[in-house]
Novice: 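Sending over a structure as structure tokens; questions will come in a sec.
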There are 2 protein chains.
Amino acid sequence: MAVDPEHVLRAAAALLTRKSTATMDEVAKAAGISRATLHRHFAGRDALVRALEALGIAECEAALDVARIDEGTASEAVRRLVGAMEPAAGLLAFLYTENQLFEGEGQNAGWATIDDRISGLFRRGQLGGEFRIDLTPAWLTEALYGLMASGAWMVHSGKGAPKDFQHMIVELLLGGALRREES
Amino acid sequence: MAVDPEHVLRAAAALLTRKSTATMDEVAKAAGISRATLHRHFAGRDALVRALEALGIAECEAALDVARIDEGTASEAVRRLVGAMEPAAGLLAFLYTENQLFEGEGQNAGWATIDDRISGLFRRGQLGGEFRIDLTPAWLTEALYGLMASGAWMVHSGKGAPKDFQHMIVELLLGGALRREES
DNA sequence: CCCGCATGAGACATTCGTGTCTCATATGGG
DNA sequence: CCCATATGAGACACGAATGTCTCATGCGGG
């Protein structure tokens, strides 16, 4: 009887990841509940998206924790981070595009914290002489988001294998396309 | 008196780039014409988006031509290509996210041609020993799109300067974040 | 100069998604 | 066993955007 809001959120995330314009009715069906019940738990579509945003933020924070981004080389930390964020990549891609509509209105403050942590990781790599300094941490962070969205879309569209997700993103982000003398 | 459809498309592109959910009425106002006239030139929102897609494809093709991607090293060609595509980056970002809704329905065939040309450029770089071969041309192409979208969004949100657009994208795409011995 | 034609303004119906409501039902605890 | 409570189904009104229509206007060409 008791509907598990967590389960509803997961179903909504899975659906909206594939079809970002899904209606409340479709979300309800995907979660296996009626539209009325969905509306009882989430006041409206806004509330649902906000909840999904909170979920995405929580998963990002968890990924940042589990990846232990302060340990080891920055490169290894980035690799662990991408691997830890992979399960949430689809949701992140949805929220990433969804946020662009808010035109700077009420941006959830949680993102700033995450941006800071990731930027901090890149900055640590720069200070340690590991990363180049002509690309700002802010841009590297943004590029990480963009590449994860591209990777998620590629896997979702079947153009890429899930097992290559982490490798593709990390290798491109860190090493770039150019061939290097020593690998 | 005569409304220039090209001008209308440009205005629509400029608006939808910033606000992808703009209504037909807003588009009409942005183009300086009435909604009725807008509707006379473009049967509906779908037709408008299709026309914008055609415009984006045409601009991509033009950029590919002007960048002369078959000349010089692949790296230089990529740099020229990104520079040539920069003016269209906003429109491309809009179409990039818009296309994900079509879920493989009627995907304009023009994109395949463009994908092939860009993929071919990356493949040329690989065959010439210039680019690494463990990242597929398809992924490099997708990553280029993603990075251009991220770059466009960064410039649009004021977090980055337009003058850094080309440098940020090309340097990250080709060289990656890792610091290299010789610069 | 005058007529044709594209445009602007607005009314109108339609569709779609949303939000709210009611009522029947079943489930689970006391 | 009985009642409280949550759920499902569906009706309903509302708003927004769309697509179509009519009519007046004004510019431009013949």
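No experiment lies behind these values; they were computed from the predicted model shown. Each chain gets a letter, A, B and so on, in the order its sequence line appears, and its residues count up from 1.
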Novice: Need to verify one output field. Residue with the more 5' nearest nucleotide on DNA chain C, I33(B) or D25(A)?
Specialist: I33(B)
Novice: With R117(B), which residues qualify under side-chain hydrogen bond (donor to acceptor under 3.5 Å, both in side chains), at least two apart?
Specialist: E61(B), D65(B)
Novice: If a protein heavy atom is under 4.0 Å from the base, mark B; if only from the sugar-phosphate, S; if neither, -; do that for nucleotides 11-16 of chain D going 5' to 3'.
Specialist: B-----
Novice: Compare the minimum distances between each of dT7(C), dT22(C), dC21(D) and the side chain of A36(B), then state the nucleotide with the smallest one.
Specialist: dC21(D)
Novice: Counting only pairs under 3.5 Å, give me each side-chain donor-acceptor contact of residues 158-165 of chain A, with atom names and distances, residues two or more places apart or in other chains.
Specialist:
none

Novice: Measure from CG on L38(B) to P on dA9(C) and round the result to the nearest Å.
Specialist: 14 Å
Novice: OP1, OP2 of dG8(C) versus side-chain N and O of S34(B): anything below 4.0 Å?
Specialist: yes
Novice: Using atom NZ of K29(A) as one end and atom P of dG17(C) as the other, report the distance to the nearest whole Å.
Specialist: 11 Å
Novice: Could you check how far CZ of F42(B) sits from C1' of dT20(D), rounded to whole Å?
Specialist: 19 Å
Novice: Quick one: which of dA9(C), dG8(D), dT20(D) gets closest to the side chain of H39(B)?
Specialist: dT20(D)
Novice: Who are the side-chain hydrogen bond (donor to acceptor under 3.5 Å, both in side chains) partners of T136(A), not counting sequence neighbours?
Specialist: none
Novice: Which residue pairs pass the salt bridge (charged side-chain N to carboxylate O under 4.0 Å, His left out) test when at least one of the two sits in residues 77-86 of chain B, sequence neighbours left out?
Specialist: R79(B)-E171(B)
Novice: Looking at every non-hydrogen atom in both residues, tell me the closest pair between I69(A) and A77(A) and how far apart they are.
Specialist: O-CB, 3.6 Å
Novice: Pick the closest DNA chain D nucleotide for R40(B) and for G44(B) by heavy atoms, then say which residue is nearer the 5' end.
Specialist: G44(B)
Novice: Show every salt bridge (charged side-chain N to carboxylate O under 4.0 Å, His left out) that has at least one partner inside residues 140-156 of chain B, sequence neighbours left out.
Specialist: none
Novice: Have a look at R45(B) and say if it touches a base, only the backbone sugar-phosphate, or nothing, with a 4.0 Å heavy-atom cut-off.
Specialist: sugar-phosphate
Novice: Name the residue closer to the 5' end of DNA chain C, choosing between M24(A) and H41(B) according to the nucleotide with the nearest heavy atom.
Specialist: H41(B)
